Amino acid sequence: MAKNSLSKKWKIVIGVIIGVILALIIAGGVYCVATDQNPQEAAKSIFTSDDVQIVGKWQNQKNPGLTAYVFYDDGTYDSYISTANFKGEYELDGNKLILRNPTTNKDIVFKYKVTEKELSLTVIEEDGEESEGKDVSKYDRVDELNQKSLADLIGEYKQSNETTTAAE
């Protein structure tokens with residue numbers, strides 16, 4: 001008799017363990033869908049803080065050499081437009097990245113997503129005003145920035161227009 005009672009207890013324990021595992025798998029799947037992450041990124045984000053993930057050099061994908069960011073682990077950043085450098089402080093708040101320019105006392109708030117190799121930024125607020133544009137800018141994690149001077153960028157633009165005009 002005691003053996004059957006023990007067997008029933010083990011069946012209950014195993015049933016509970018399986019139920020917990022299934023609940024965790026379902027909750028993980030819902031989280032991945034809600035945050036638009038693959039399971040590997042989601043698992044990594046549990047063990048790695050966003051502060052650590054964003055630290056590094058980021059070069060614009062669409063226009064390399066035009067814009068870039070460097071985020072430091074002390075909460076400061078450098079932003080680049082061409083070779084012009086602007087310094088400031090940043091703060092992470094959930095899925096928001098807040099950039100503060102101490103010179104102008106202006107803030108810009110982005111919705112952000114960071115993976116091992118890509119940073120996506122969407123402007124959601126500038127100086128307390130909600131942004132109308134919802135364009136996403138994507139940046140690649142790089143070892144070195146490759147910023148170009150304005151003269152180089154203008155030259156490349158002219159050359160691409162001449163090539164396009166000649167092809168027509």
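If you're wondering where the values come from, they're calculated on a predicted model, not measured in any experiment.
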J.: Is any side-chain heavy atom of Leu97 less than 4.5 Å from a side-chain heavy atom of Val109?
T.: no
J.: Would you say that Trp58 contacts Val70 through its side chain, given a criterion of any heavy-atom pair below 4.5 Å between the two side chains?
T.: no
J.: What pairs with Tyr139 under ring-ring contact (aromatic ring centres under 6.0 Å, His included), at least two apart in sequence or on another chain?
T.: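 Here the qualifying residues are Tyr69.
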J.: Is there side-chain contact between Asp135 and Thr122, with at least one heavy-atom pair below 4.5 Å?
T.: no
J.: Using the test side chain to side chain donor-acceptor pair (under 3.5 Å), find all partners of Glu89 that sit at least two apart in sequence or belong to another chain.
T.: none
J.: For Tyr80, check side chain to side chain donor-acceptor pair (under 3.5 Å) against everything at least two apart and list the hits.
T.: Asn85
J.: Got a sec, which residues hit side chain to side chain donor-acceptor pair (under 3.5 Å) with Ser79, two or more places apart in sequence or on another chain?
T.: none
J.: Can you list the residues that meet the salt bridge (Lys or Arg N to Asp or Glu O under 4.0 Å) rule with Lys111, with sequence neighbours excluded?
T.: none
J.: Are Tyr72 and Val55 close enough, and set up right, to give a side-chain contact (heavy atoms from CB on, under 4.5 Å), and what steps lead you there?
T.: CA-CA 5 Å; Tyr72 302 98; Val55 169; 5.8 Å; no
J.: Starting from Val136 and following side-chain heavy-atom contacts under 4.5 Å between hydrophobic residues (I, L, V, M, F, W, Y), which residues can be reached?
T.: none
J.: Let me see the working for Glu118 and Arg141 under salt bridge (charged side-chain N to carboxylate O under 4.0 Å, His left out), right down to the final yes or no.
T.: CA-CA 6 Å; Glu118 184 178 84; Arg141 184 182 295 275; over 6 Å; no
J.: Any salt bridge (charged side-chain N to carboxylate O under 4.0 Å, His left out) pairs touching residues 74-83, not counting sequence neighbours?
T.: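 Those involving residues 74-83 are Asp78-Lys87.
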J.: Once side chain to side chain donor-acceptor pair (under 3.5 Å) is applied, do any residues pair with Thr83, and if so which ones, sequence neighbours excluded?
T.: none
J.: Sequence neighbours excluded, which residues qualify as side-chain contact (heavy atoms from CB on, under 4.5 Å) partners of Ile25?
T.: Ile21
J.: Mind checking what makes salt bridge (Lys or Arg N to Asp or Glu O under 4.0 Å) contact with Lys148, not counting sequence neighbours?
T.: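 For Lys148 the salt bridge (Lys or Arg N to Asp or Glu O under 4.0 Å) partners, ignoring immediate neighbours, are Glu156.
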J.: Supply the members, apart from Ile18, of the Ile/Leu/Val/Met/Phe/Trp/Tyr cluster built from side-chain contacts under 4.5 Å; use none for a lone residue.
T.: Ile14, Leu22
J.: Are any of the side-chain nitrogens in Lys57 or Glu144 under 4.0 Å away from the carboxylate oxygens of its partner?
T.: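 Looking at Lys57 and Glu144, the cut-off is met.
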J.: Between Gln59 and Asp140, is any side-chain donor less than 3.5 angstrom from a side-chain acceptor?
T.: no
J.: If a pair satisfies salt bridge (charged side-chain N to carboxylate O under 4.0 Å, His left out) and one of its residues is in residues 13-33, list it, with sequence neighbours excluded.
T.: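 Every pair satisfying salt bridge (charged side-chain N to carboxylate O under 4.0 Å, His left out) with a residue in residues 13-33: there are none.
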